[in-house]
Amino acid sequence: MTDREVSTPTNFIRQIIEEDLRQGKNGGRVATRFPPEPNGYLHIGHAKSICLNFGVARDYGGTCNLRFDDTNPEKESAEYVRAIQEDVRWLGFEWDRLCYASDYFEQLYDYAEDLIRAGKAYVCDLSQEEIREYRGTLTEPGRESPYRNRSVEENLDLFRRMRAGEFPDGSRVLRAKIDMASPNINMRDPVIYRIRRTAPHHQTGEEWKIYPMYDYTHCISDALEGITHSLCTLEFEDHRPLYDWFLEQLDVPCHPQQIEFGRLNLEYTVLSKRKLTELVEKGYVEGWDDPRMPTIAGIRRRGCPPEAIRLFCDRIGVTKSDGVVEIAMLEHCMREVLDTTAPRAMAVLRPLKVVIENYPEDKVEQLTAANHPKDESMGTRTVPFTREVYIDRDDFMEVPPNKKWKRLSLGEEVRLRYGYVIRCTEVIKDDQGEIVELRATYDPDTLGADPAGRKVRGVIHWVSVSHGVPAEIRLYDRLFKVPIPGADKDDDWLSDINPESLVVVQGVVEPSLAKARPGDRFQFEREGYFCVDTKDSTPERLVFNRTVTLRDTWAKIAGQK
RNA sequence: UGGGGCGUCGCCAAGUGGUAAGGCACGGGAUUUUGAUUCCCGCAUUCGUAGGUUCGAAUCCUACCGCCCCAGCCA
């Protein structure tokens with residue numbers, strides 16, 4: 001935690017926990033867990049859950065396990081297991097125990113036999129389609145399976161043979177015997193074990209031919225780990241009666257309390273694992289860690305510090321109402337931490353050469369620049385000033401658009417950041433009328449001093465032509481062009497992708513940046529926050545990713561007219 | 001038209017019968033060699049709607065209305 005995060009969040013879950021502590025429940029113990037299924041990368045929605053679970057454990061002197069909910073080998077992989085651990089650690093959390101639901105397969109199996117012996121579970125031979133038909137609908141009750149009243153002996157025998165691999169996939173399942181007429185569909189004899197003979201499991205290999213389902217596995221795993229508060233998202237609210245049912249039937253060590261909260265929705269992106277997987281697999285992005293992805297890996301590569309994510313999660317709060325958080329909230333958190341932590345530098349994204357005609361041909365001045373305007377401890381660096389410099393094309397207009405313009409224009413003055421005041425004397429264009437170069441003069445008395453008798457309103461950044469270092473700069477923008485992709489036609493969400501979510505530009509950066517290391521974050525003055533790409537940047541060919549722009553009041557004013 | 005949830009400012013969110021916190025966004029101003037940052041100031045007489053209880057209601061009751069989730073051998 002950093003200073004920014006000292007105020008402890010308050011929310012209904014923390015209130016429940018505090019009340020439990022007050023009453024001495026669970027022997028004053030608080031134990032949570034973060035239970036991802038390793039079937040994809042973690043995204044910012046998971047970050048909310050991570051911050052909640054690990055944060056609660058931290059603040060109440062409890063524990064938090066990282067538990068892989070790995071009961072579906074067909075969709076899971078060791079690669080996801082690896083990536084998830086990396087992401088949780090990067091976010092700044094460390095688990096007490098690293099667990100796998102598959103650690104409990106043997107116990108889970110034994111509990112299933114207990115259920116059978118108690119007459120609370122049975123092997124059902126109905127096909128998948130038949131089970132669906134027998135289940136009924138939202139408004140009509142289901143019907144009991146013809147296999148519902150098999151003897152304990154027959155059920156035990158069949159279940160053991162399922163485990164032994166005697167039956168093909170899909171031929172039989174083990175079901176809990178609850179109530180086919182329940183208004184809660186989850187209670188209509190849910191399947192708790194299915195046969196999967198071929199798919200090797202990333203943790204248990206070929207050992208198992210049957211795999212337990214989520215509802216059955218999750219509550220028992222929680223109980224075996226001594227979890228006190230099992231926090232999950234709202235869509236599991238309907239499953240809570242089932243969660244409690246299993247724990248009541250079985251002789252488990254404890255009965256954790258499931259509490260549901262609203263999952264995060266964020267504007268201009270998607271957060272469903274299905275859609276994120278589709279973006280990756282169909283090549284709309286370059287991978288799970290594409291900087292446009294809302295994955296932890298993508299956000300990290302984009303240059304966002306973990307502290308900003310934690311700050312964001314604290315600020316959006318935890319409730320049961322499902323809303324959509326504006327992207328501005330996330331961007332604000334990024335800027336807030338980057339402003340104080342990122343050293344400043346100058347980079348020209350769209351270079352326009354300026355020749356300062358009254359500056360000596362081969363003179364080079366080493367100007368001193370502060371690495372942070374209000375943090376002296378970040379030190380200073382030196383930037384070479386020469387007769388020819390690049391400025392950004394956006395910082396010049398031959399004739400100013402209005403009186404508010406404070407950048408360079410023909411015949412007018414502007415200050416070069418940390419350097420001199422220059423005046424544009426001539427605009428050189430090519431045959432197409434495109435501006436290719438500017439001529440200017442400088443006022444030698446303006447280094448660190450205001451010019452005599454004039455006030456220069458504008459300051460622009462620049463880089464020496466002879467000393468600047470070329471760099472590829474990737475300008476990332478929101479992945480979708482509308483706040484809610486697929487809002488009115490969900491199957492068409494892909495058509496809402498923003499075709500300009502990535503604009504690559506060949507820029508020039510100040511020479512001090514040549515020694516920047518992958519992952520280093522900077523503020524390019526007047527442009528935004530950038531970080532050295534961890535995959536593609538090399539000392540010979542620097543690549544910077546734009547994390548987020550600076551707040552841009554001018555763009556707002558300019559956009560109004 | 002079954003069940004489970006949720007409705008407080010444009011967005012997020014406090015509030016738990018005593019007279020609407022905060023953050024983001026937005027608007028205005030100050031300072032500024034980043035149109036950044038920082039700093040002031042403004043921003044819900046009203047809590048989905050309608051009734052009722054009460055000296056007093058966002059908080060309690062009733063009835064409506066709206067939105068979300070559930071019919072995987074996914075989690």
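Numbers restart at 1 for each chain; the letters A, B, ... are given by sequence-line order, proteins then strands. Just so we're clear, the structure is a prediction, and the values are computed from it rather than from any experiment.
- We find that CD1 of A:I131 is positioned 11 Å from P of B:C74, with the value rounded to whole Å.
- You'll find a donor-acceptor pair under 3.5 Å spanning the side chain of A:Q523 and the base of B:U34, going by distance alone.
- A:G528 comes within 4.0 angstrom of no nucleic acid atom, judged by non-hydrogen atoms across all strands.
- Between A:F524 and A:F530, the ring planes lie parallel to each other; the angle is under 30°, not in the 30° to 60° tilted range.
- Phosphate contact (OP1/OP2 of B:C74, side-chain N/O of A:R194, threshold under 4.0 Å): present.
- Ring planes of A:Y41 and A:Y80: perpendicular class, angle over 60° (limits at 30 and 60°).
- Within 4.0 Å of A:V173, counting heavy atoms only, lies at least one base atom of the nucleic acid.
- Side-chain atoms of A:D552 and base atoms of B:G35 include no donor and acceptor less than 3.5 Å apart.
- Nearest to the side chain of A:R135, among B:C68, B:A71, B:C26, sits B:A71.
- Contacts of A:H218 with the nucleic acid, taken as non-hydrogen atoms under 4.0 Å apart, are absent.
- Put simply, the side chain of A:R551 and the base of B:U37 share no donor and acceptor less than 3.5 Å apart.
- Between A:F159 and A:Y109, the ring-plane angle classifies as parallel under the 30° and 60° cut-offs.
- Under the 6.0 Å distance and 45° angle rule, A:R196 does not count as a cation-pi partner of A:Y211.
- Nearest nucleotide to the side chain of A:L234, out of B:G5, B:C70, B:C74: B:G5.
- Computed from coordinates, the A:R417 CZ to B:G35 C1' distance equals 12 Å when rounded to whole Å.
- Contact annotation: A:S321 reaches the phosphate of B:A13 (side-chain N/O to OP1 or OP2, under 4.0 Å).
- Scanning atom types as modelled, no donor and acceptor separated by under 3.5 angstrom connect the side chain of A:R240 and the base of B:G4.
- For the pair A:L311 CG and B:C24 C1', the interatomic distance rounds to 11 Å; values are reported in whole Å.
- As judged by a 4.0 angstrom heavy-atom cut-off over every strand, A:Y211 is placed among residues making no nucleic acid contact.
- Nucleotides B:C12 and B:U45 are separated by 24 Å at their C1' atoms, to the nearest Å.
- Between the side chain of A:R172 and the base of B:C73, no donor-acceptor pair under 3.5 Å is found.
- With hydrogens and angles ignored, the 3.5 Å screen pairs no side-chain donor or acceptor of A:T233 with any backbone N or O of A:E235.
- Classification of A:D443 and A:R423 as a salt-bridged pair fails, no side-chain N sitting under 4.0 Å from a carboxylate O.
- Using a 4.5 Å cut-off on side-chain heavy atoms (C-beta onward), A:M334 and A:Y529 make no contact.
- B:U59 and B:C69 are spaced 27 Å apart, taking the P atom of each and rounding to whole Å.
- The base of B:U34 is not paired with the side chain of A:R526 by any donor and acceptor separated by under 3.5 Å.
- Using the Watson-Crick or G-U wobble rule with both distances under 3.5 Å, B:U49 pairs with B:A63.
- If you take atom C1' in B:G23 and the same atom in B:C43, they sit 14 Å apart, rounded to whole Å.
- B:U19 and B:U37 have their P atoms separated by 36 Å, given to the nearest Å.
- Two residues, A:T319 and A:D169, neighbour RNA chain B, and the one matched to the more 5' nucleotide by heavy-atom proximity is A:T319.
- Nucleotide B:A36 is matched to nothing when pairs are restricted to Watson-Crick or G-U wobble geometry with both distances under 3.5 angstrom.
- Between the CD1 atom of A:I316 and the P atom of B:A25 there is a distance of 15 Å, given to the nearest Å.
- Spacing between B:U46 and B:C41 at atom C1', rounded to whole Å, works out to 23 Å.
- Of the candidates B:C70, B:U34, B:C68, B:C70 carries the atom nearest the A:D238 side chain, counting heavy atoms from C-beta on.
- When heavy atoms are screened at a 4.0 angstrom cut-off, A:K404 is found touching base atoms of the nucleic acid.
- Applying the 4.0 Å criterion to OP1 and OP2 of B:G72, one finds that A:R132 has a side-chain N or O inside that range.
- Whole-Å rounding puts the A:R407 CZ to B:A36 P distance at 11 Å.
- Straight-line distance between the C1' atoms of B:C74 and B:U62: roughly 42 Å, to the nearest whole Å.
- The side chain of A:A328 approaches B:C24 more closely than any other nucleotide in the set B:U34, B:C24, B:U37.
- Put simply, CG on A:D392 is 13 Å from P on B:G35, counting in whole angstrom units.
- Distances shorter than 4.0 Å separate some side-chain N or O of A:T553 from OP1 or OP2 on B:A36.
- B:G4 and B:U8 have their C1' atoms separated by 23 Å, with the value rounded to a whole Å.
- Within the nucleic acid shown, A:T71 comes within 4.0 Å of sugar-phosphate atoms alone, with no base atom in reach, counting heavy atoms only.
- Judged by atom type and distance alone, A:E140 does not reach the base of B:G2 through any side-chain donor-acceptor pair under 3.5 Å.
- Backbone-only engagement by A:G323 is indicated by non-hydrogen atom pairs under 4.0 Å involving sugar-phosphate atoms exclusively.
- Aromatic ring pairs are classed by plane angle as parallel below 30°, tilted from 30° to 60° and perpendicular above 60°; the pair A:Y214 and A:F236 is tilted.
- An OP1 or OP2 oxygen of B:U34 is reached within less than 4.0 angstrom by no side-chain nitrogen or oxygen of A:K374.
- Between A:F246 and A:Y216, the distance from one ring center to the other falls under 6.0 angstrom.
- If you measure from atom CD1 of A:I16 to atom P of B:U16, you get 16 Å, rounded to the nearest angstrom.
- The side chain of A:Q128 places no N or O atom within less than 4.0 Å of a non-bridging phosphate oxygen (OP1 or OP2) of B:C74.
- Contacts of A:V324 with the nucleic acid, taken as non-hydrogen atoms under 4.0 Å apart, involve only primed sugar atoms and P, OP1 or OP2.
- A:K320 places its NZ atom 16 Å from the P atom of B:C69, with the value rounded to the nearest Å.
- Geometric assessment of A:R175 against the ring of A:Y122 yields a negative cation-pi assignment under the 6.0 Å and 45° thresholds.
- Under 4.0 angstrom from either OP1 or OP2 of B:C24 there lies at least one side-chain N or O belonging to A:H332.
- Of the nucleotides present, B:G42 is the one that pairs with B:C26 by Watson-Crick or G-U wobble criteria, both distances under 3.5 Å.
- In this structure, A:Y214 does not count as stacked on the base of B:A75 under the 5.5 Å centre distance and 30° plane angle limits.
- Here B:C24 is the nucleotide among B:C74, B:C24, B:A75 with the atom lying nearest to any side-chain atom of A:M329.
- Where A:N11 and A:M213 meet RNA chain B, the nucleotide closest to each residue was compared, and A:N11 sits on the side nearer the 5' end.
- Across B:G10, B:A36, B:C26, the shortest atom-to-atom separation from the side chain of A:P373 is found for B:A36.
- Comparing B:G4, B:C74, B:A13 against the side chain of A:R196 picks out B:C74 as the nearest.
- Only the C1' atoms considered, B:A44 is 13 Å distant from B:A21, to the nearest whole Å.
- Counting non-hydrogen atoms under 4.0 angstrom, A:Q15 reaches a base of the nucleic acid.
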